[in-house]
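Here's the structure, in structure tokens; my notes come after.
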Amino acid sequence: MSKLGVAVKRILVGRPQRSDRLSHTLLPKRVALPVFASDAMSSVAYAPEEIFLTLSAAGVAAYAFSPWVGLAVVIVLMTVVTSYRQNVHAYPSGGGDYEVATVNLGRKAGLTVASALLVDYTLTVAVSISSAAANIGALIPYVAEHKVQFAVVAILVLTAVNLRGIKESGVAFAIPTYAFIVGIGAMIIWGFTRILVFGDELRAVSADVQLLAEGDAFTGMALVLLVLRSFTQGAAALTGVEAISNGVPAFRKPKSRNAATTLLMLGTISVVMFSGIIALALMTGAKVAEFPDTQIVGAPEGYIQQTLVAQLADVVFQDFRPGFFFVVVFTALILVLAANTAYNGFPVLGSILSQDRYLPRQLHTRGDRLAFSNGILVLAGVAIVLVVGFQADVTRLIALYTVGVFTSFTLSQAGMLRHWARLLATETDQPTRQRMRRSQAINAFGAAMTGIVLVIVLITKFTRGAWIAIAGMVFFYVLMQAIRRHYDRVAAELVAGEVDGVLPSRNHAIVLVSTLHKPTLRAVAYARATRPDVLEAVTVNVDEADTRRLVRDWERRKLPVPLKVVESPYREITKPVLDYVKRIRTNNPRDVVTVFIPEYVVGRWWEQILHNQSALRLKGRLLFQPGVMVTSVPWQLASSERVATRRPESPPGSWRRGYEQLPGEDGTQPAKPPPVKQR
């Protein structure tokens, strides 16, 4: 990498960290909450709104169902939080739902959960960023007009922050997350105080508009399906709960207890904010329509529908405008940062799947900052595709959203039932058995609730976009199966057998020659040093005059290696060499053929284009030939010296080698070590 590239990387990512500093990146609960729970908490900014948006299809009268829909969401949310507290204690290794399902239900169930979570994490980023664009658009019209561009830039910024490491991103996101909690909490408390204590009549800006029902949405089965669909839209408030069970290894010790405590904090805060927003919306008469252009009538001139949170903040803080801006700004920020939950969950899950050989091995290792950099980049790329493809439309994206998360919820809870049943079969201590029975009952109730929600989601959302999420899950499932088969096949081929160590009969060495110059002489000298049984130089005759000159120079220098000329009537280089090597192998199947290829080493990227192209083609073809070894013999050109003399970024053992140490992580310049005494 060039100096400019290194400088840009260090500005964006920071200095690399040693592997033994991994323990210093573990998170306390106060930082883990914004890192892992920002998605679940931020969903209260759009989940209540989605309930009202869906019910608006039946007119204002259907808003009467919103408290009951909200209550059902709260019950499911608390059930899932309580159930996952059992998960983090039973499986603290970080596999989360994937590990629970794989261990207890089998490999296919585990892959199904993994596929669902991969889809869910990518949608988390797309939905959160798109919702942030909508909220910021309430303040800045330019953002509302360019939502897609804003969302793409936000994803890129979030990616750069996460590449700096989990702890750094957690500290950076803690202030906006806690500010969002304070802002929404203050809005709910102050709104209730004004209405219930002071008796103020708070009317939202949309309180006096009328909503037209769509067709027969308020009759019979259509109303039932509408209410169920509003429930599934509101169930988006549950997304992100599973991230804590996947991120247990990132917590400080005691890991399981800290993760369980963070889950309880998450559930309590989310329930209070979710319920408070729904209640405040009903008290102020706030309305939102899924299709405002056709559903809203009687609106004042110039009326523009704002998000539900913006409307509530506007009416509650109508006499204190800084409060309105505080809520709207930090709501938008938390929606951007909510994607951070996926940035911590997706790479960890990808690393575990890679370790199990279901995803490419590049996802397994950590980057310079001890974060799973490759997983972060993959997540960002897929999320950008979703945002652009769905034009940052929250309602369209959220229809895809809850399928994956409730699939993983249901299979995980079913796996926990098998887990407790297996332990109960061998446990004899009565108090311990009672605790296990209680945990089993909690997981059984959780499995039933999330299973019912999953069925409702599939019924009400399949034709509205959920099929795309299901197709994505199937794609990931098939892809991971194919990757595992490939790795298994390669492993089987590479198993060392009893006859694999047999030496070849002879080593037939070939030095490829085009011109008699310094790189050629070095390649010949190196080939002779390996002491092969047969050594010869080979050139391809593509130009008669050049070939005659080469033969003449070769004989004049009296080199101790015979030069053989291979004819090429069609002026090719690669095929004649391949044919010649194949003839040697055919005549002597037990011989190994070693091909030495002189290559230039250059220091500039554009110089590489001008050199070594024939060598690259030859190596690419020779690698597929059995019994053929390819050896590159480098010759460093003058331009390569700029790379060789470039100062290392952070040379290992720099004190011993005499390098000047780079500034420390705190930005200070450490003192140089004392000089080493010479004996």
Side-chain angles (χ1 to χ4, degrees), residues 39-82 127 131 180-181 184-185 187-189 191-192 195-196 202 204 206-207 211 217-218 223-241 266-290 307-313 315-316 327 331 335 394-395 398-399 401-402 405-406 409 445-446 449-450 452-454 456-457 460-461:
D39 175 30
M41 287 191 297
S42 68
S43 61
V44 302
Y46 56 81
E49 180 175 349
E50 290 299 321
I51 293 176
F52 286 96
L53 280 172
T54 306
L55 292 175
S56 70
V60 177
Y63 279 7
F65 294 102
S66 58
W68 304 106
V69 173
L71 178 62
V73 172
V74 166
I75 292 173
V76 177
L77 174 59
M78 292 310 299
T79 300
V80 170
V81 168
T82 306
V127 170
S131 184
F180 168 74
I181 296 173
I184 296 295
M187 180 184 73
I188 293 171
I189 293 172
F192 284 169
I195 295 172
L196 301 178
L202 300 184
S206 60
L211 294 179
F218 200 62
L223 178 61
V224 174
L225 291 175
L226 190 69
V227 173
L228 290 177
R229 186 160 64 87
S230 70
F231 167 70
T232 60
Q233 294 288 89
L238 279 74
T239 57
V241 173
L266 157 68
T268 303
I269 295 172
S270 296
V271 165
V272 170
M273 292 194 298
F274 181 84
S275 305
I277 289 176
I278 290 179
L280 201 57
L282 292 172
M283 291 179 179
T284 59
K287 300 182 183 69
V288 285
E290 187 171 3
T307 62
L308 185 61
V309 170
Q311 291 189 44
L312 297 179
V315 66
V316 170
V327 171
T331 297
L335 287 167
V394 178
T395 302
I398 209 170
Y401 200 11
T402 47
V405 70
F406 276 101
F409 283 166
F445 185 70
M449 291 293 293
T450 55
I452 292 171
V453 176
L454 177 60
I456 294 173
V457 167
T460 59
K461 287 189 173 184

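Residue numbers run from 1 in the order of the sequence given.
Considering V73, V74, I75 in turn, V74 is the only one that fulfils the side-chain contact (heavy atoms from CB on, under 4.5 Å) rule with V271.
Once rounded to the nearest 0.5 Å, the distance linking CG of L55 with CD of E50 reads 11.0 Å. One finds the CD1 atom of I51 at 13.5 Å from the CZ atom of F65 (value rounded to the nearest 0.5 Å). How far CG of L202 is from CD1 of I195: 4.5 Å, rounded to the nearest 0.5 Å. The CD1 atom of I188 lies 8.5 Å from the OG atom of S275; values are rounded to the nearest 0.5 Å. Note that CD1 of I277 and CE of M187 are 5.0 Å apart. Values are rounded to the nearest 0.5 Å. The distance from the CD1 atom of I269 to the CD1 atom of I184 is 12.5 Å, given to the nearest 0.5 Å.
Shortest non-hydrogen contact noted between E49 and L308 is OE1-N, 3.4 Å. Of all heavy-atom pairs spanning S230 and T54, the tightest one is N-CG2, 3.6 Å. Residues G276 and F192 share a closest heavy-atom pair of O-CZ, 4.1 Å. Minimum interatomic distance between A286 and L312 (heavy atoms only, all atoms of both residues): CB-CD2, 4.3 Å. Nearest heavy-atom pair, L196 versus M283, reported as atom, atom and distance to 0.1 Å: CD2-CE, 4.5 Å. Summarising the geometry of Y63 relative to F52, their closest heavy-atom pair is CE1-O, 3.4 Å, with the distance given to 0.1 Å.
In the model, S206 has a side-chain atom that pairs as donor or acceptor with a side-chain atom of Q311 under 3.5 Å.
Side-chain contact between L282 and S66 is present, with heavy atoms from C-beta onward closer than 4.5 Å. Using a 4.5 Å heavy-atom cutoff, the side chains of V453 and F231 are in contact.
In this structure I452 satisfies the side chain to side chain contact (heavy atoms under 4.5 Å, CB included) test together with I456, sequence neighbours excluded. For A47, the side chain to side chain contact (heavy atoms under 4.5 Å, CB included) partners at least two apart in sequence or on another chain are A237, F274. Here F180 pairs with nothing under the ring pair (Phe, Tyr, Trp, His ring centres under 6.0 Å) rule; sequence neighbours left out.
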